[in-house]
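Because the structure is predicted, anything quoted here is derived from the model rather than measured. Here is the naming used below: chain letters follow the sequence lines, and residue numbers restart at 1 for every chain.
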Amino acid sequence: MHHQGISLDVLLDIYTCVLRIRRFEEEVSRLFRQGQLPGFVHLYIGEEAVAAGVCATLTDEDTIISTHRGHGHVIAKGGDIKRMMAELFGKASGYNKGKGGSMHIADFDIGMLGAIGIVGGGIPIAVGAGLSAWYQDSERVSVCFFGDGAANEGSFHESLNLASALNLPVVFVCENNQYGEFTPAARAMNICDIADRAAGYGIPGLVADGADALEMYRVARTAAQRARDGDGPTLIEAKTHRRGSHAEGEEAFLAGQTYRSEEELAAAWAKDPLLLLHTYIGEQNLLPAEQLETLDADITQSVREAVDAARNSPDPKVESVFEDLWV
Amino acid sequence: MHHQGISLDVLLDIYTCVLRIRRFEEEVSRLFRQGQLPGFVHLYIGEEAVAAGVCATLTDEDTIISTHRGHGHVIAKGGDIKRMMAELFGKASGYNKGKGGSMHIADFDIGMLGAIGIVGGGIPIAVGAGLSAWYQDSERVSVCFFGDGAANEGSFHESLNLASALNLPVVFVCENNQYGEFTPAARAMNICDIADRAAGYGIPGLVADGADALEMYRVARTAAQRARDGDGPTLIEAKTHRRGSHAEGEEAFLAGQTYRSEEELAAAWAKDPLLLLHTYIGEQNLLPAEQLETLDADITQSVREAVDAARNSPDPKVESVFEDLWV
Amino acid sequence: MPRKTYVAAIQEALSEEMRRDPRVFLIGEDVRIGVFPSTRGLHAEFGDKRVIDTPISELAVAGAGIGAAVTGLRPVVDLMFGTFLYLAFDQIANQAGAMRYMYGGQTKVPLVFMAQNGAGSSAGHHHSQAVHQFFMNMPQIKVILPSTPGDGKGLLKSAIRDDNPVLFLHSLSLGGKRGDVPAEEYLIPIGLADVKRAGGDVTICAAGPTVYTALDAADALAAEGIEAEVIDLRSLSPWDKQAVLDSVAKTGRFVAVDESFPTCSAASEWAATVAAEAFHHLRAPVQRVTNKDVPMPFSPTLEKAVLPSAEDVIAAVRRTLA
Amino acid sequence: MPRKTYVAAIQEALSEEMRRDPRVFLIGEDVRIGVFPSTRGLHAEFGDKRVIDTPISELAVAGAGIGAAVTGLRPVVDLMFGTFLYLAFDQIANQAGAMRYMYGGQTKVPLVFMAQNGAGSSAGHHHSQAVHQFFMNMPQIKVILPSTPGDGKGLLKSAIRDDNPVLFLHSLSLGGKRGDVPAEEYLIPIGLADVKRAGGDVTICAAGPTVYTALDAADALAAEGIEAEVIDLRSLSPWDKQAVLDSVAKTGRFVAVDESFPTCSAASEWAATVAAEAFHHLRAPVQRVTNKDVPMPFSPTLEKAVLPSAEDVIAAVRRTLA
Ligand SMILES: Cc1ncc(C[n+]2csc(CCOP(=O)(O)OP(=O)(O)O)c2C)c(N)n1
Ligand SMILES: Cc1ncc(C[n+]2csc(CCOP(=O)(O)OP(=O)(O)O)c2C)c(N)n1
Ligand SMILES: [Mg+2]
Ligand SMILES: [Mg+2]
């Protein structure tokens, strides 16, 4: 890990982002276990450095598309954890007025074009956002997050090829956390690096350490710049690990079965993106320890406030089912 | 061109096949222009060496799946041109009793599992035929023909990856005739060799000269053997050219527009697979010229007979619309 | 009034709207050359940027349209044949057809999907299916199936100006049909039916090619003194229920004629609605005339036998009078 | 009789049929571990070859099932959620659902597609749609949606033994529901309805979760002396039209209750059929109770408001009695 070419401001932003995602997701996990959240939640713990590093290279004009595991992307793009938390509770004050839930959070005002619950379903839409940028002669970049599992969907293939054929400003970020649900990537494909698929579309394919937020930042910056320069799309594969369940409460699905070993999990924790960054900042004396502690306390507090606000928000009115249908 | 490792019998079979496809398609072209055939026909002229070379490596147990441009595949797999011609006329004596037509010809008795009018639609089905062979511990190989255009469909990606993940005996044969309808492959993808995509699935990808039936045979034999040996799928890209219309009568679609140059067409004709093989056989003195001439006359005659028989066959009975629905 | 073909009218709608609004563009397979004349000539006028050829990748192309629509453009996505929509079904049903609602009204999806619908060219099952019934089921997509050049033009222009996703289906079998197309600019509102023939004895509801089947049947019936009212719905979702109910209130008899497989078809919807909401006016059972319930065969003889015919409609009308 | 959950009964059908016939195998995403308990434990018994985990590739997996079916096997393809069928729509509609016919009867496609149908777990639009109506439209596919563990087991076993493609839908909201499952081997024929409650005043037709909605409504109505007959169709295509018509002949009143978006729904089909074929028995307009016509929202409050409720059914029954 190193921060060459990265300003202290940016570093602090990235660190803040990683931490905010972590604290948010930890709270969501608790809430889910307490039976307070409806539906399914898929947490981003262990993968925070990917969204944090990538989104730190983007402006508010740039857009992202997310997945079922989307809370981290929303936060990294600058989303409001209050409105997100309220949405997880299904409340009227949520981002989607309770109509979306965990798998469908969007904030169009900050270029977060939505999470998509269909695996791979967001990739073509990101190509379209890139097409817009190209059409409008804008410097906007369209970033698409998706998993290793999604890389086996037809939408992945068609989308990367389409973006390449039209030379669009899209950055495809594959979060290879080694599993699609309970199926290891190694069983779902006979290649080590998904980035190798980029060659099949004539675009660059880069592997990055998804535990290293600073590396993610540098790689994404290169890809985003390439896109802005009119040189077309890039595929970035972030090697990462999800620390918890596929979906919270996966124990119920597993019913005593296991799909990854304790050693594997321990090895993954050893590369905890939050810890790595925290340690690096400490070792390099980049920011005072007290500042980091205050930051953590503030974030933890804001998450708590988000929960309180969400809990105290009203349910959507039944009549609102008929709203938001037609323009 | 050379025939090392290929017996004279096989060589003659291949030549016969190329010639039969050519004469069949020439006749179909005439019939279509005369307004005698309903629907659309997509001819295989210029691409004969691909099906002929590949199918010469297969047994009756092995299966193939074909496309909208499927007549050549049927003939190469040993199909009956009488029943095919009758089907093109929509007659009751046709392969499909008039229910399929040019884009849907099948002969399950000889392992021709059907032509599919949806671009890329046959690729997953071929994976399934390979899955059967594997499941049944059979030495059967499943071969799938499809175009360069189809290689941009999601089905291509998912199918190659699935066959690789399950290590199935499938040979994917991409007939890269440089165009999908009127769109050049070079505009639809930013790579030169579709075979390069194989690396993205961890399987071999081979480029072969689709004008050279003997090279097609050798490459396909290697791939088929690999499949039979339990070593999994292969992607073969045959570089080829379609000489005529995308679909017969494309002038109507083009309405005076052009999409490929005279030079390009002339260059393609200069690599006519029939002529190349004919010349090679002559130069090498492999078969007497009279034999080749008799063969041509016989084939031409059999095509004519197929046309006569088809013309004189009855239309399907109207009641037959309700047949062949449920088992 | 100038007479134009159905496809020429569609082309005219596209070119006029592209001229009017620089955010409107066309994307799809071979839209430059124009596999259907509906897109021909547009590339010459509007160039590579606004008439975009794509790889054969229906899912990604549909999704790209959606992404462009939510970021400020107004795409027309040409998916060629109705059956090719099956490959883009997820993007249409799960994404375009729900996004605005799912995201709590944060966005709009001003997008037209365009495709040819139905059979009639002996191309076999894969190129000969009507697909409108699937998309009518989706709560947040509008569906159009015009029967005349004039309606086609006016409705496509409305579709392009609509801020919601619209599926504009045009019938291959009507491509060469000629009809009046006003020279001056006009729009036809989505959701408004057109009574193509007035009559007091029976209401026949149709759309696209079955409008002509119904009109042929009506002509034959008129010779016997039976006057059928033929309602061309033009828009299938939303559809002009009131026009149909009003007509049934007058005639007391109802026949739905729909080119599609019978079960859960548009005809089922129309018949069920009439039976629910005009029940007390009905003097005879509602009738449905659709494809026979089999995949679409290739042979012209069989294809004709499967499609709804004027004879089928006449027989259905007779059943309402029995 | 042993009592089992709905998903356990499905699992039992799978394991019994896999034991009986070595050509039967299961393929899909995470079928080894079993995302739904319906496939859990099968891998332990049958191993890698007969319980095949796949990449997340619905289109290819569905197509691979088809290819295996036409070459001698009897696949059960688990596509997990109904909405994921959208990604495999082409393979189902164009291929499995037409192949035998298109190829003139040369082949058969003995294949079961399996997926969870409908809403009820607050998972949002992408995981909460009923899809049966789409597949009912296809002429060469059978569609099943059982409401009880016993029906689920007997019908799935029939589906696996059927030589035609069958879509077996199971309702997520019923997964944990318990019911009687005979200990001995049995089959339930496809296409046969079951009268879950007898009554002479009104016929309520339902399937899957709406059977319970209908039964709840019937109980409430019985308190007022209104006796509803509740018909559980169980098979949606083919469906037991005669059972419904016979009931309507008796009651003269008809309410269709269907968990799906309203337009071109199964409810539309049932209502249209009754209006066409039992018209002279009808004493009141046919009624449909379906989802409200909006995408499926996430919030439990809103989800509940969108789904058909017993109150909706009661109101519909009252309309038939008005
Ligand atoms: C089209 C589709 N198929 C299957 C699913 C069920 N599903 C939800 S998440 C998931 C795994 C996705 O794996 P990956 O893309 O690697 O993302 P991760 O969950 O690991 O972040 C699956 C199969 C789905 N939501 N959509
Ligand atoms: C899914 C789908 N999309 C589009 C078409 C229309 N179409 C028919 S053939 C064709 C071109 C196919 O190109 P390629 O795969 O290269 O095969 P070729 O015709 O060159 O042999 C297209 C786009 C189709 N039949 N199916
Ligand atoms: Mg993953
Ligand atoms: Mg081609």
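Using a 4.5 Å cut-off on side-chain heavy atoms (C-beta onward), C:Arg100 and A:Trp326 make no contact. Put simply, the side chain of A:Leu131 reaches to within 4.5 Å of the side chain of C:Leu73, judged on heavy atoms. Within the 4.5 Å cutoff, no side-chain heavy atoms of C:Thr71 are placed close to those of A:Gln136. Using a 4.5 Å heavy-atom threshold, the side chains of A:Asp137 and C:Lys49 count as touching. Between A:Tyr135 and C:Arg50 there is a side-chain heavy-atom pair separated by less than 4.5 Å. Looking only at side-chain heavy atoms (C-beta outward), A:Glu158 and C:Pro55 stay at 4.5 Å or farther from each other.
Atom CD of A:Glu153 sits about 8.5 Å away from atom CG of C:Asp90, to the nearest 0.5 Å. Atom CD1 in C:Ile66 sits 12.0 Å away from atom CG in A:Leu113 (nearest 0.5 Å). To the nearest 0.5 Å, atoms CG (A:Asn161) and OG1 (C:Thr54) are separated by 10.0 Å. Remark: C:Gln106 CD to A:Asp109 CG distance equals 7.0 Å, nearest 0.5 Å.
With a 4.5 angstrom heavy-atom cutoff, C:Leu111 does not touch chain A via any of its atoms. Using a 4.5 Å cut-off between heavy atoms, C:Val109 makes no contact with chain A at all. Heavy atoms closer than 4.5 Å to chain A are found in both the backbone and the side chain of C:Gln140. Heavy atoms closer than 4.5 Å to chain A are found in the side chain of C:Ile52, but not in its backbone. Using a 4.5 Å cut-off between heavy atoms, A:Ala133 does not touch chain C at all. Interface remark: C:Pro110 contributes no atoms to any contact with chain A (heavy atom separation under 4.5 Å). Of the two parts of C:Asp53, only the backbone, made up of N, CA, C and O, holds a non-hydrogen atom closer than 4.5 Å to a non-hydrogen atom of chain A. In this structure, the portion of A:Ala165 lying under 4.5 Å from any heavy atom of chain C is its side chain and not its backbone. Neither the backbone nor the side chain of A:Ile123 comes within contact range of chain C; no heavy atoms are under 4.5 Å apart. Of the atoms belonging to A:Val170, not a single heavy atom falls under 4.5 Å from chain C.
Contacts from residues 78-97 of chain A to chain C, taken as heavy-atom pairs separated by less than 4.5 Å, involve A:Tyr95, A:Asn96, A:Lys97 in sequence order.
Between A:Asp324 and C:Lys108 there is no salt bridge, since no side-chain nitrogen of the basic residue lies less than 4.0 Å from a carboxylate oxygen of the acidic one.
For the pair A:Lys99 and C:Tyr101, the distance from NZ or CZ to the six-membered ring centre is under 6.0 Å and the angle to the ring normal is within 45 degrees.
Each of A:Gly111, A:Gly154, A:Gly98, A:Ala115 has some count of heavy-atom pairs under 4.5 Å with chain C, and the biggest count is that of A:Ala115.
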Does the side-chain contact (heavy atoms from CB on, under 4.5 Å) test come out yes or no for A:Ile118 and C:Gln91, once each step is laid out? CA-CA 10 Å; A:Ile118 296 295; C:Gln91 288 295 326; over 6 Å; no
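What you find for C:Ala64 and A:Val127 is that their closest heavy atoms are CB-CG1, 4.3 Å.
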